[in-house]
Amino acid sequence: MNLAAEVNETLAHYSNVLIYSAMAVYTLAFLAHIAEWVFGSRSAVGRTAAAITAEAAAAPRAQVTVQVGGNTAEKGGTAVLERPKVITRSAAGSRDVPDGPGAAGGTEQGDVYGRIAVGLTVLALLFHAGGVLARALSVQRAPWGNMYEFSTTFAMVAVGTYLVLLALKKNVRWIGLPLVTTVLLDLGLAVSVLYTDSDQLVPALHSYWLWIHVSCAIVSGASLYIGAVSTLLYLFRDRYEAQLENPKGKKFGRFASSVLERVPSAASLDKFAYRINATIFPLWTFTIIAGAIWAEAAWGRYWGWDPKEVWSFITWVAYACYLHARATAGWKGRKAAYLALIAFGCYLFNYYGVNIFVTGKHSYAGV
Amino acid sequence: MSTTDTDTAADTARGASAEERELGAAGSQLSTAPSEEISLPSLGLLGWVRWFWRQLTSMRVALLLLFLLSLGAIPGSLIPQTSIDQLKVQTFKDDHPTLTPVYEKLQLFHVYSSVWFSAIYILLFISLIGCIVPRTWQFIGQLRGRPPGAPRRLTRLPAYTTWRTDAEPEEVLRAARRVMKGRRFRTESAGDAVAAEKGYLREVGNLVFHIALIVLLVSFAAGQLWKVEASKLVVEGDGFVNSAVSFDDLKTGQLFDKNDLAPFGFELDDFRATYERSGPQMRTPRTFSADVTYWQGADGAERKARIKVNEPLEVSGYKVYLLNHGYAPVVTVRDGEGEVAYKGPVAGLPIDGANLTESMVIKVPDYHNKAGKKDQIAFQGQFLPTWVRSQGMFSVFPALDNPTLVLTAYHGSLGINGGTPQSVYQLDKSRMKQFMESDGKTKYARALAVGDSMKLPDGAGSLKFEGVKEWATFQVSHKPGNEGALIGAVAALVGLAASLFIQRRRVWVRAVAGKDGTTVVEMAGLGRSESAKLPEELADLAVRLQADAPPAPEADAPAPEADAPPASEAATSPASGTEPERQPEPAPESKPEPESEGEPESDPAPGADGTDPADPSEGAHA
Ligand code: HEM
C-alpha cells in the first residue's frame, strides 16, 4: 500500500519532469520556426502578387473558370502513365491564386530550419506524451480529471494532429509556428496556474464515460483549434489578396506581406478550415450526446442547463451557424469565418471560462 | 471590405450568359437547399403571407434564429437559475436589490423556460418544419427524375478528361452506362451522352438530421411535461415509499398527475463513505455507496441492491439516485419525570461542505417537567464527526474519527401548533428560554462523546448520545421520452455524418464520331463542392471505361513528365483537333512547384478516404 503510493509519487514526479522537458524542447522548436521564417523571408518572391496582377492584366474578373491544377489523379498514383489526365477548374467566385511557398519561402536555409523545427516538435511530443502517460499511470485512470491534466492532454493532441497531417503530406507546415507558440502558452499556464498534484477523482467522475466523453472533447477541441488558426490566417490572407487586386488601395507593410505571401492561398486556408470544422462537428455532436448519457447516469437527467452543458450547446449551435452560413449565399467567405472564430471562442470559454468563473456541477477538483 | 462577398455576388449576377445558364442546369437540384429570395412580394394579403413564410423558412432566417438561440442561452449560464439552485437565486436577489426587478421582468432567473427563449426555439422549429417538408417533396421529385442531360461544353466543368478510341460511339456509351451502374450511379442516356448521378444519401442524411432534431425536441418537451423529480432524506434503518406525501420535495411536470406515482419503496440498510486521508485533496470523498432493500408494487418481493453515485437503482420505470449524505446522531431524551420523551436518530444539516460539520436541532414536543406539567424542550448545537479540541467548534475531517455532539437547550413553546409548517433544521426561539448553569449567568452547554449524557439543570431531564447513523438523500426521477431523445440523438449523428461526408456528384460521358473515323470520348464531373476526390473518381471511371474503349494508339500522347503544367497536356488532347469549340482554355502557365514544402499542390484535406466533407459553399449556387 505504502509502496504503491510511493511508486505513484515517483511516477507523478517523472511526469512533471517530462512535461518540463517537453516545454524546453518546444521552446527550441519555436526558435527554429522563428529562424525558418526569418531566413525564409529573404527570398519571398511575390508570387501571389504576380499571379493576381497577371490575371488582372490578362482578363477581367470573369476569369473564374480558368483551369488550374490538373493531374490530380496522377499524384502519388503508381499507374501514372496509364491514368487519363483529368483537368480541373476551380469553382466560380474564388481567386485563382497559388498557395504560398510556406514559411521557408523556398529557401534552402529556411527549409533546413523548418525541418529542424519539425524534428524538435516530434521530440517534444515524445516527452510530452511520456509525461501524460506517466501522469495517467500515477493515478491509474484517464489523465484528464482536472484542468491541469486536461490542458496538457489538449496540447498533446493538437501537436499530434498537426504531425499526423504533416505525415499525410498535407500542406500544413505553415501552422507549426502558431501551434508551437500556443502549445507553449498552454503548457505554461498548465504548470503554473492550473497545476494540481496527481490524485484520485471525486466519485461522480468515476465512469467509463469519462474516457469516451472527455477524450472526444479533447480531440474535438484540439482539431477545432487548428481549424481556428487556419480561419484566422484566412482572414488576413484574404485581405492581403484583396489588396493586391486593388492596386490603388492601401498596402500591407513589408513584414506582414512577407508573412502572408508565404502562407497558402485564401481559398486553400478557407477550405482547410472548413474541412477540419466539418469533420469535427459530428465528433463534437457525439461528445455532447455522450455527456448527456453520462449525466443521465450520474445525476438522473441528461440535460439540466448546467453552465458547462449550456456552453457546449452554444458552441454546437455556433458551429451549426457556421455550417449554415457556408450554405447561404452572401454569408460565405469572411462572414462565415467570423462565425467560425466566434464558435471556437465559445469552445475556449467553455473550457477555461466556465471552470474558472462559473460554478456548476462540472467544477473539477482544484480549479 | 469583404471583397469575397461582393465578388461572389457579382459573379452570381453576371452568371446570365447562355453558357453559364446551361451549366446551371447541369448543376441544378444537386441539393434541396432553399433558394435565396429577397424580392418583395407582389401585393395582396396572400402575397404577404407567402412572402413571410418564405422568409421564415429561408436559410438566412434559419441562420439568424440559430444565432439568436446561442446568444439567448448565454445569460442562463451566468445568472443563477431557479431550476438549478433556488438558494443561489435567493442570495443573488438579496445582493442585488436594484437589478432583481429588471431581471425578473426579463425572466432571467428562468431563461430556458422564459417566453422569449421559447419564442426563439419555437420559431426555429417552425422554420425547420417549413424547411423540411418542401425539401422532402423536392427530394422525392429528384429521386423520381433523371440526372440532367450533358451540358454542351463538358470542358467547362470542374473535372474533365478526353481521349480517342476506335470503338463505336454507341458501344462506348453502352459500356459507360454499364461501368457507371457497376459503381452504383443512376444513369440516363440522352442523345450522344450518358448522364449519371450518385450520392443521394447525402440529401437523405441531411433530411434525417433535421427531422431528428424535431424528434429530439419533442422528446425533450415530453420529458419536461411528464417528469417526476423528487428527493427524500433517509436515515440508515429507515425506509421510504414512492408517494406524494412521503417526499421532502416533489416536482412534477405540468401534465403529470401526482396520484400516478408507481408504487415501490425501499429501506436503507447501510450507507458507506470513504475519504482521501492525505495529500492536497484530503477529505475529498472517494466512494459513496448505499445498500438498500427494495420492493415493487404494493407487496412485491424484497430484493437487495447497492446504489452508487453513477449507478442508480432502476425500479418500475423510476430511477433512484444517490445524491448526498450526512450524519444523524442517535439520542435518547428523558423528561423531568424520567420518561423517554424522544428516542432515535436526528439528521443534521451539513454547514461546511468538506468536513461535514452539521447544525443540529432536536425538538421534543411531548415533554413533562419535573412537576409533571406539559412543556416543550429543544436542543440546538452542532455535530462534529471529527472534533479536535484545539481547533474550535468545527469538524476537521468528514469521517467519524471523534464524533462529538455539542448542544445547548431551551424550553418553552416550539411554536409547532401555530399551523405554519416549520423546517426541522430551524428552531424558533421567540417563545423559548435557554437553560442556564447554576450560576444563572452562563448559558448551559455540553460537548458529548458517544455514550455520554447531559443532565439539564434543576432535574429538567437528560439527553444521552447513543451513537451515530448515516443518512443519505435520494433523488427519485422518472422522465418519459428518454428513449426518443436517444433515438433522435443517434439519428441526428448518423444523418449528420452522411450529410457531411457523402458527396453528391454527376458524371457525363459523351462519345461522338470524330472526322478521322475514331470516336472522341469526353468525360466530365460536377459535384456540389470542389472536392479533390471528384477528379480521382473521374479518372477511375475513365480507366474502367477504357477497358471497353481503349485509347487509339496515335492519340496516346507521349508520356509527359509528372511535373509538366496541365495546360500542355490539355493542348495535346485530341479533342482540340476535332472540335475547336470544345478546346479547353489554356491554364495559367506558371504554377511553379516549390521544392521545399512537402507537397504544396496537394489538397490540405484533413481526412483520408471517406472523411472528406463535401463543402457546400462551393458550387452550391454556381
Ligand atoms: C435546430 C436548428 C438547426 C440546426 C441545429 C441545423 C444544423 C445544420 C447543420 C449542422 C447542417 C450541416 C450539415 C450539412 O452541411 O449538410 C445543416 C445543413 C442544412 N440546414 Fe440546418 N439546422 C437547423 C435548422 C435548419 C432550418 C430551420 C433550415 C431551413 C431553412 C435548415 C436548412 C438546412 C439546409 C438546407 C442544410 C444543407 C445545406 C447544404 O445543402 O449544404 N436547417 N443544418
Side-chain angles (χ1 to χ4, degrees), chain A residues 64-65 67-68 70-74 81 83-89 91-93 98-99 101-102 104 106 111 169-171 197 199 202-204 207 242 268 272 274-276 278-279 282 285-286 289 297-298 300 305 307 310 313-314 317-318 320-321 324-329 332-334 365, chain B residues 2-5 8 11 33 36 59 63 66-67 69-70 73 77 112 158-161 279-281 284-285 287-288 309-310 319 321 475 477 489 493 496-497 500 530 535-536 538-539 542 559 566 569-570 587 591 594 596-600 604-607 611 613 615-619 621-622:
Chain A
V64 286
T65 45
Q67 300 156 0
V68 294
N71 270 339
T72 323
E74 248 179 44
L81 297 182
R83 284 174 82 80
K85 320 284 170 295
V86 173
I87 297 162
T88 56
R89 292 159 181 267
D99 286 346
D111 187 50
K169 296 233 183 304
K170 306 288 178 199
N171 174 16
D197 268 325
D199 216 327
V202 294
S207 165
S268 300
F272 177 65
Y274 169 76
R275 291 203 170 140
I276 292 217
T279 308
T285 310
F286 174 73
I289 295 173
W305 298 108
V310 172
F313 172 73
I314 293 172
V317 174
C321 260
H324 267 218
R326 306 230 0 158
T328 309
K332 302 166 195 175
R334 298 188 71 90
Chain B
S2 47
T3 14
T4 330
D5 298 327
T8 324
D11 289 335
E36 294 302 318
M59 291 293 281
L63 187 60
L66 271 171
F67 193 68
L69 188 71
S70 53
S77 72
Y112 307 110
Y160 173 82
T161 187
Q281 300 200 353
T284 312
T287 53
F288 287 146
V309 171
N310 277 322
K319 285 187 177 171
Y321 294 85
Q475 176 175 309
S477 73
L493 197 60
L496 188 63
L500 287 170
E530 193 184 338
E536 299 261 0
L538 192 72
E569 286 151 20
K591 277 203 71 188
S596 56
E597 286 296 313
E599 205 177 346
T611 57
D615 184 345
S617 85
E618 280 145 22
H621 302 274

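Each chain gets a letter, A, B and so on, in the order its sequence line appears, and its residues count up from 1.
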Heavy-atom pair of closest approach, residues [X] and [Y]:
X	Y	value
S77(B)	V310(A)	CB-CG1, 3.8 Å
M59(B)	H324(A)	CE-O, 4.0 Å
C321(A)	L66(B)	SG-CB, 3.6 Å

For F67(B), is it the side chain, the backbone, both or neither that has a heavy atom under 4.5 Å from a heavy atom of chain A?
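When you check distances to chain A, atoms from both the backbone and side chain of F67(B) fall under 4.5 Å.
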Please identify each residue that fulfils side chain to side chain donor-acceptor pair (under 3.5 Å) with T285(A), with sequence neighbours left out.
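With neighbours one apart ignored, the set is W316(A).
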If you round to the nearest 0.5 Å, how far is CZ of F313(A) from OG of S70(B)?
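The OG atom of S70(B) sits 8.0 Å away from the CZ atom of F313(A).
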Hey, could you give me the CG/OH distance between L500(B) and Y274(A), rounded to the nearest 0.5 Å?
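Going from CG on L500(B) over to OH on Y274(A), the span is 5.5 Å.
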